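See structure below.
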Amino acid sequence: MISQFFVLSQRGDNIVFRDYRSEVPKGSAEVFFRKVKFWKEDGQEEAPPVFVDGVNYFHVKVVGLLFVATTRVNVSPSLVLELLQRIARVIKDYLGVLNEESLRKNFVLVYELLDEVIDFGYVQTTSTEVLKSYVFNEPIVVDAARLQPLNPASIFMQGTKRMPGTAVTKSVVANEPGGRRREEIFVDIIEKISVTFSSSGYILTSEIDGTIQMKSYLSGNPEIRLALNEDLSIGRGDYRSSFGSGAVILDDCNFHESVRLDNFDMDRTLNLVPPDGEFPVMNYRMTQEFKPPFRINTLIEEAGSLKIVGGSEHTLRAKLTFSQEVHGNLTKESGPVSMTFTIPMYNVSRLQVKYLQIAKKSSAYNPYRWVRYVTQANSYVARL
Amino acid sequence: MKASRLTESSEAKQAGMSGHDSKYFSTTKKGEIPELKEELNSQYKDKRKDAVKKVIAAMTVGKDVSSLFTDVVNCMQTENLELKKLVYLYLINYAKSQPDLAILAVNTFVKDSQDPNPLIRALAVRTMGCIRVDKITEYLCDPLQRCLKDDDPYVRKTAAICVAKLYDINAELVEDRGFLESLKDLISDNNPMVVANAVAALAEIQDNSSRPIFEITSHTLSKLLTALNECTEYRAADAREAENIVERVTPRLQHANCAVVLSAVKMELITSTDVVRNLCKKMAPPLVTLLSAEPEIQYVALRNINLIVQRRPTILAHEIKYNDPIYVKMEKLEIMIKLASDRNIDQVLLEFKEYATEVDVDFVRKAVRAIGRCAIKLERAAERCISVLLELIKIKVNYVVQEAIIVIKDIFRRYPNTYESIIATLCESLDTLDEPEAKASMIWIIGEYAERIDNADELLESFLESFPEEPAQVQLQLLTATVKLFLKKPTEGPQQMIQVVLNNATVETDNPDLRDRAYIYWRLLSTDPEAAKDVVLAEKPVISDDSNQLDPSLLDELLANIATLSSVYHKPPEVFVTRVKTTAQRTEEDDYPDGSETGYPESSAQPVDSAASPPTSSSNVPHTGARQAAPPAAPVPDLMGDLIGLDNSAIVPVDQPSTPAGPPLPVLLPASTGQGLQISAQLIRQDGQVFYSILFENNSPVPLDGFMIQFNKNTFGLAAAGPLQVPPVQPGTSAATLLPMVLFQNLSAGPPSSLLQVAVKNNQQPVWYFNDKVSLHVLFAEDGRMERGSFLETWRSLPDSNEISKDFPGMVINGVEATLDKLAASNMFFIAKRKHANQDVFYFSTKIPRGIPFLIELTTVVGTPGIKCAIKTPNPDMAPLFFEAIETLLKS
């Protein structure tokens, strides 16, 4: 149960503010913002949630905006955090683009959504699909083309599995200029990989956090069948894995609530009626060995310049200039080498969407199907 | 002009903002309010709608637009749902400040609540509930009554929440108008959202009420479980009532919603029987998957894992990622330390060493400290830890060196006289130390090992020069170290040093701690240098790594609150929440799960019982009360009351256990044996704690005082939790006391036995020894109730060899109800009953310490002598003791 929900801009302005239970003193948004701003200044980040004067503040950062909920009771924090993420997702589904401008332009719609999502602090629904029948305001679409190009840092914003490159900036409810909606569905296989190389270039640890993200613009919600590799197995104890030279072995995975797994054990197909909006069909984690897209071998020249050899052909020279004379071991002083990258149309786990079947309404019905793969570096580090 | 200025200043106040936020208001055009007013009263619909939007926009940024109240309310009567919603939003915000005007809206509300469109009906009820104006509340009742029985589930679910809103404003009204009953009816609704909201509303009302309102019976439970399967989203968390129905819950671990995963984990943790052991394996992967979520959620998961590993050290493989936020890194480190064992220490150390060379200073420090903590925790790994620390010192990164010295000091404390060979290496870094803690640590090391460091005096002297400028921490250490040096090497150099230091620390300081310590040393040294040696160079107690280790009882409470804020803060809920919402094992405190089925009322009758088990007060107290009255720390009974012969219970505060005024205690030491002292005693259980109830009767001619008690090793390790508190007993008088007991203190080996050997002494007489019997039922835990599902599961999972039975031919059960009450009062909980031929078969569960469950089957013909008792337990050794206990219980 939450008391308030609000969205703050980077400057700390209230963009949206809704009090559900009037039990938190006025000025809570400002109390919270001061606290968060204060962290940034001394370089320390305090662990969330924040607790001030009997009020618990939860927040998540979405495209630079702070989505905040307050409560006075001993709630489940993961529930509140999940709720905040979902609110952001629902708003994005509706507005197409989620940023300060679109929120400000559509605040009436946002309030309408918030009233249906939460009542008296209790979550009612966060399904874009369900909300459609209660929400009537039309979104005022912000022109996506006018969006400023995202800086590289925001692409790698921690944790968020969605990435701006794949996100479709189209509202789920708004009509296209031509009056008709294009029938299409997007399936993104996004993998974030974490690799740690030892100083001698061996792989110490490697992990893939993957997600199959879906965004459906299909009218009438037809049933969909998504087929994955047949050699896919789950759980390392799985007997199949001991034979699996070419098999894809997931350590663990979970599924969206709309997914039916009736045939999954048999032929690795997922059946679902995708709700409107963006949602993760499946999250998975894999620690099976894989071929890393880049190898990092490090070589230190004590002359003061540091050389990083990447792959077999490219050499990256980095020159480190120290502000003061270095004591002792230069290698240790320089710290690990970290690498960030995004590789489109490539995934390391070899998990594949073999086919995407849409139940046909008529023979003429042939919606656009987009299946895209992306690999991103999460923590890609070589130790020196 | 004037009006608008006034508005501006009240705006600023309203928003509680100081000067720098005034930028909002600088753009306010003069006359904006009149302009809006005009637009609100426009004859064109669209214009009105736009105007209301502008009003709401102003409201959002904190402007006071309350003066437009009447004009906005005038727009309320519209068929346009969009506009209506906007007006309602405005009303919720300002109704409180304009209660008289808010009345104007009532008619529309009431009308809307009967609109043919269900959305409008729901909207009206929802909004009215949010307007916290008493006058409106009265009008809310009738529409609410109707909406609770509406045909449309959307309206019903909105109405259900509205009852909670109304309760918050006017609880009496809710009870008088029978809304609680309507809510309870909604639990059987066929729409899961309605059920979820009804449960949420009832749970909230229960939390705010002192009376039991919402009790979970097996009937409601099964309904909730049905709903659980239909709920797709959050509400799984609400069905915490399903805690023990593990099978239903396990599949939820695969849920993509992290809140659901954590709740499911919680439910599985709560059932602490052996069944759970397998589930632990299933729990680990989903928990680890949570660690790849957003950092905030990762942190929540980690804080919970931190708790779980303290109870169930399952190895959860995870590593620290380079780009983790600092708070996530720190928490992972903490968990790694907790999981470090002799088996994995090499791998762990390798990781720590890498972390110690990262760029993030705080994290590096914590990593170095982690190495030290591992050394202290794992004796066999200490040497490896030290060598890693030395390698780190050689890197000569200043803060790493300083941190390493701090932890090495602790390692020296833990393993004295073992690793002094490394002191030379440490001394090399002496000049670079600039942090007080590191300096103090180094000085401590020099002082402690002064005799082995050739130039200890030189080293200390170098610090002395700056003595007056050093922080207090360093000064104190310098003082002590110099004294140590002097005592170990009483030569001229140190003697001069000690004079300088003592002078500095007494005359030239205004720090009282430093001055006091210096004076003590001074006096010690001048009166008796040998005594000074004994004091200053005394052997120090060995330290252990208990940092960040939680107290077991707190850990229990936190585990019960897993997946809540409490488990993230690692604090019990009452510390940070004013309205405590207990999520502890509710079902166990509720009444008979099968009350409705067996046909007797969920009675709260105090059991008729022997003195052996005085009435437990926890059986029917609402949860909140029961929780907060957590087991008190060893209460001391009011002895005055005994002395002047008053009934204890009359004086002792209610929350303290009172001496039961039941049948007399059994005499264990007759006066004839005890030279006139007679001791009667018995173990009893009260409010979840075991006490030894003792009565001393003095029939000797002299007063007896200085009573002490000791218990020999026994099967349960029972021992006194504190000293025996008995006043002097005058001839011809008596004294009674309740001695709190603890378990697992002095365990005896060998097969289980009920024998409890006791020794009592006083100042006047020889030591008296006598034997007592531990009746197992005193140890039956309050949380021994099993749900039927887990009872069956546990019964099935235990091998047949664990089933033992015994016949009690002479015993009889006469009144079923009284017997069940009696057993329940002794924490033997009724599960179910069935007929078999002409016999009745009763099933019970109970639990003894260490969480060992007993599943019990009693077969008998009611009213006819002869009872067969069959039990199944993971610990069949205890069976004879159990049979003794049940015999006592049934006989009494």
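Per chain, numbering begins at 1; letters A, B, ... match sequence-line order. Note that the structure is a prediction, hence the values are computed from the model and not measured.
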Where does [X] contact chain B at under 4.5 Å (heavy atoms): side chain, backbone, both or neither?
X: Asp115(A); value: both
X: Ser258(A); value: neither
X: Tyr111(A); value: side chain
X: Tyr20(A); value: neither
X: Ile15(A); value: backbone

Task: Lys NZ or Arg CZ of Arg21(A) over Phe120(A) ring: under 6.0 Å, within 45° - done: yes
Open item on the list: Ring centres under 6.0 Å, that's the criterion: do Phe6(A) and Phe67(A) meet it?
Closed with: no
- [ ] Would you check if there is a donor-acceptor pair between the side chains of Thr71(A) and Asn56(A) at a distance under 3.5 Å?
- [x]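 Asn56(A) vs Thr71(A): no donor-acceptor pair found between side chains.
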Identify which part of [X] has an atom lying under 4.5 Å from any heavy atom of chain A, answering side chain, backbone, both or neither.
X: Lys165(B); result: both
X: Ile92(B); result: side chain
X: Ala356(B); result: neither
X: Ala57(B); result: both
X: Leu86(B); result: side chain

Task: Check: Leu119(B) main-chain N/O paired with Asn117(B) side-chain donor or acceptor under 3.5 Å - done: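 Yes; judged by distance alone, with no hydrogens or angles, the pair exists.
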Open item on the list: Between Lys157(B) and Asp119(A), does any side-chain N to carboxylate O distance fall below 4.0 Å?
Closed with: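 The answer is no: the pair does not qualify as a salt bridge.
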Open item on the list: Any salt bridge linking Asp362(B) with Lys329(B)? Criterion: basic side-chain nitrogen under 4.0 Å from a carboxylate oxygen.
Closed with: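 The answer is no: the pair does not qualify as a salt bridge.
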Open item on the list: Ignoring hydrogens, what is the shortest heavy-atom contact between Thr211(A) and Tyr284(A)? Give both atom names and the distance.
Closed with: N-CE2, 3.8 Å
